[in-house]
Amino acid sequence: MNREIPYKIYLEENEMPRQWYNVRADMKNKPAPILNPATLKPITVEELSPIFCTELAKQELDETTPYFDIPQEILDFYRMYRPAPLVRAYCLEKKLGTPAHIYYKFEGNNTSGSHKLNSAIAQAYYAKQQGLKGVTTETGAGQWGTALSMACSYFDLDCQVYMVKVSYEQKPFRREVMRTYGANVTPSPSMNTNIGRKINAEFPGTTGSLGCAISEAVEAATTQEGYRYVLGSVLSQVLVHQTVIGLETKTALDKYGIKADTIIGCAGGGSNLGGLISPFAGEMLRGEANYDIIAVEPASCPSLTRGRYAYDFCDTGKICPLAKMYTLGSGFIPSANHAGGLRYHGMSSIVSQLYDDGIISARSVEQTEVFKAAQYFARVEGILPAPESSHAIKVAIDEALKCKETGEAKNIVFGLTGTGYFDMYAYQKYNDGEMSDYIPTDAEIEKSLANLPRI
Ligand SMILES: *Cc1c(COP(=O)(O)O)cnc(C)c1O
């Protein structure tokens with residue numbers, strides 16, 4: 001074993017990023033503007049301000065400023081759990097017998113268990129700065145709600161979480177972590193909002209969807225004085241906050257003179273992937289370097305690999321701005337047996353544009369393969385990975401095995417976005433041999449896409 005590179009690469013205090021990077025500044029083809037759903041014209045900061053904090057609305061629409069200073073209070077909070085280690089997966093390499101060098105950036109090292117805290121703390125900070133009483137949000141698997149409740153309790157903000165009903169019921173522990181941090185957790189669709197009541201009437205017994213929970217949270221924010229809506233993925237502001245992942249990764253690699261060949265991230269709404277790859281994609285866009293960047297998504301919710309690049313609603317309730325993105329249609333709900341997370345119908349507009357321009361590629365994987373990789377990884381590297389993160393593990397292992405065939409000693413870097421302690425229901429299904437794969441048919445996807453707004 002080559003022990004020159006430590007098992008974990010940490011950064012010194014003075015090597016930590018002090019700014020977030022906005023890759024849009026380096027994109028020649030900017031993501032298409034987000035549209036006001038009422039006028040279908042590009043939305044302005046003023047129009048976004050009833051929904052989002054003003055500073056975050058500005059970040060959302062800023063496609064020219066390359067770096068945003070990270071406020072000191074956020075840097076102080078980051079210090080409690082960052083830098084996240086960049087781990088050299090020596091044990092995995094050995095087990096696979098690959099000449100490849102595998103590295104993973106581990107974001108599960110905080111109580112919320114995922115990278116989502118990186119943006120939650122930023123969004124809570126700007127809400128506090130604006131003098132708000134609280135924020136509303138949705139959560140699917142629960143990682144975002146947990147991260148946000150931690151961030152809100154730090155800044156003494158009220159936190160109202162609409163949790164997709166199926167997760168609310170299947171993940172009582174996740175729910176109780178949020179309540180421990182002081183959040184109000186409501187199963188969605190609920191009877192608190194107009195959209196919730198409407199969906200409950202139309203689809204009695206529905207177990208909910210992320211899009212529906214988003215609509216409820218937006219309605220709750222816009223109908224209560226002193227509240228704004230915050231979102232844990234998809235938006236450009238979130239992707240910008242998540243660039244701490246990529247910036248730390250790049251500094252850690254540079255420190256040891258390592259040039260990444262392949263960079264892999266799982267893609268739900270695209271925030272961890274976008275955050276991890278931004279500094280590297282920036283180099284590609286400026287013509288300074290080349291990387292093989294791979295987004296990995298579930299075969300049951302394949303927005304990049306089988307969706308359409310079109311304007312769509314970000315939410316089922318059609319209240320949020322419209323974004324041009326790779327989408328399966330805002331009404332798309334993955335089949336009931338889907339257990340691996342990453343169930344959002346669309347994709348970050350930045351990631352979508354980078355994909356459309358060929359800067360990144362995408363692959364879809366079936367969930368039984370994902371859990372097989374998760375179990376393998378847990379046994380070899382020790383960390384119990386989140387199902388979402390395991391999409392990236394699966395493709396990292398595939399790439400490392402390709403290197404075994406070709407004899408290439410590639411440097412493979414992947415994002416390990418979180419831990420899977422609250423996903424044991426899904427692991428149980430896998431361990432019991434009861435997990436199956438469902439891949440939507442072309443007809444099902446076409447049916448959903450037929451409802452795209454005509455713009
Ligand atoms: C939310 C989440 C994801 C997917 O979200 P992105 O915005 O695509 O990053 C991936 N992994 C974990 C652990 C998550 O909690």
Side-chain angles (χ1 to χ4, degrees), residues 84 104-120 123 137-150 161 163-164 167 171 174 177-178 210 213-214 230-246 263-278 294-298 301-304 314 323 325-326 334 338-352 354-355 360 362 364-365 367 370 374 377 383-395 414-423 426:
Y104 57 89
K105 181 70 168 168
F106 181 47
E107 290 290 327
N109 234 341
N110 66 75
T111 299
S112 77
S114 82
H115 66 284
K116 292 202 171 66
L117 195 54
N118 301 332
S119 182
Q123 297 191 47
T137 196
E138 81 295 336
T139 197
Q143 292 99 325
W144 169 242
T146 312
L148 189 68
S149 44
M150 288 177 73
V161 180
M163 186 170 189
V164 179
S167 307
K171 300 191 171 183
R174 188 59 96 177
V177 175
M178 287 186 252
L210 205 50
I214 295 176
V230 293
L231 182 52
S233 182
V234 189
L235 299 176
S236 299
Q237 55 184 276
V238 181
L239 192 149
V240 166
H241 304 149
Q242 294 298 354
T243 59
V244 287
I245 305 172
I263 305 168
I264 301 164
C266 64
S271 74
N272 89 82
L273 173 84
L276 171 66
I277 69 161
S278 274
I294 309 170
V296 190
E297 60 183 13
C301 194
S303 48
L304 285 172
C314 294
M325 56 184 174
Y326 276 85
H338 173 77
L342 311 175
R343 46 170 46 239
Y344 186 65
H345 67 272
M347 185 57 62
S348 140
S349 61
I350 296 175
V351 169
S352 292
L354 291 172
Y355 176 64
I360 69 176
S364 73
V365 289
Q367 63 177 356
V370 167
F377 184 82
I383 293 172
L384 178 74
E388 293 90 343
S389 323
S390 306
H391 288 73
I393 296 175
K394 159 73 181 140
V395 170
F414 72 93
L416 188 68
T417 49
T419 47
Y421 299 112
F422 292 106
D423 300 286

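Both ligands and their constituent atoms are indexed starting at 1 by order of listing.
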**Q** Specify the closest pair of heavy atoms between E297 and M347, including all atoms of both residues, with the distance to one decimal.
**A** OE1-CE, 4.4 Å
**Q** Within a distance under 4.0 Å of any heavy atom of E388, pick out the atoms of ligand 1 and give their elements.
**A** 10 (C), 11 (N), 12 (C)
**Q** Which atoms form the tightest heavy-atom contact between F106 and I383, and what is the distance?
**A** CE1-CG2, 3.8 Å
**Q** Test of understanding: given a 4.0 Å heavy-atom threshold, classify the contact between V234 and ligand 1 as side chain, backbone, both, or neither.
**A** neither
**Q** Please name the pair of heavy atoms, one in H241 and one in S119, separated by the smallest distance, quoted to 0.1 Å.
**A** ND1-OG, 2.9 Å
**Q** Take every heavy atom of H115, measure it against each atom of ligand 1, and state whether any distance is under 4.0 Å.
**A** yes
**Q** Quick one: do the T146 and S112 side chains pair a donor with an acceptor below 3.5 Å?
**A** no
**Q** Below a 4.0 angstrom heavy-atom separation, can you tell me which part of S271, side chain or backbone, both or neither, approaches ligand 1?
**A** both
**Q** For atom 11 (N) of ligand 1, find the nearest protein heavy atom and state the residue, atom name and distance (0.1 Å precision).
**A** T417 OG1, 2.7 Å
**Q** What atoms of ligand 1 come closer than 4.0 angstrom to any heavy atom of G268?
**A** 8 (O)
**Q** Report yes if G269 has an N/O atom closer than 3.5 Å to an N/O atom of ligand 1; otherwise report no.
**A** yes
**Q** Taking all heavy atoms of G346 and all of S303, pick out the closest pair and write down the distance.
**A** O-OG, 3.5 Å
**Q** So, is G270 polar-close to ligand 1, with some N/O to N/O distance under 3.5 Å?
**A** yes
**Q** Name the closest protein heavy atom to atom 7 (O) of ligand 1, giving the residue it belongs to and the distance to 0.1 Å.
**A** S233 OG, 2.5 Å
**Q** Is a side-chain donor or acceptor of Y344 paired with a backbone partner of C314 at a separation under 3.5 angstrom?
**A** yes
**Q** Taking all heavy atoms of G340 and all of H391, pick out the closest pair and write down the distance.
**A** O-CE1, 3.5 Å
**Q** Show which atoms of ligand 1 fall inside a sub-4.0 Å distance from at least one heavy-atom site of C266.
**A** 10 (C)
**Q** Out of Q143, K116, H391, who gets a non-hydrogen atom closest to atom 2 (C) of ligand 1?
**A** K116
**Q** Check whether any side-chain heavy atom of H115 sits under 4.5 Å from a side-chain heavy atom of S271, and report yes or no.
**A** yes
**Q** Give a yes-or-no answer on whether the side chains of N272 and Q242 include a donor-acceptor pair shorter than 3.5 Å.
**A** no
**Q** Give the residue and atom name of whichever protein heavy atom lies nearest to atom 4 (C) of ligand 1, and the separation in Å to one decimal.
**A** L342 CD2, 3.4 Å
**Q** Could you see which bit of S348 sits under 4.0 Å from ligand 1, with heavy atoms only: side chain, backbone, both or neither?
**A** neither
**Q** Is the contact between E107 and ligand 1 made by the side chain, the backbone, both, or neither, using heavy atoms and a 4.0 Å cut-off?
**A** neither
**Q** Quick one: does T417's side chain have a donor or acceptor within less than 3.5 Å of a partner on S114's backbone?
**A** no
**Q** Would you mind running through ligand 1 and noting each atom that sits below 4.0 Å from a heavy atom of S114?
**A** 13 (C), 15 (O)
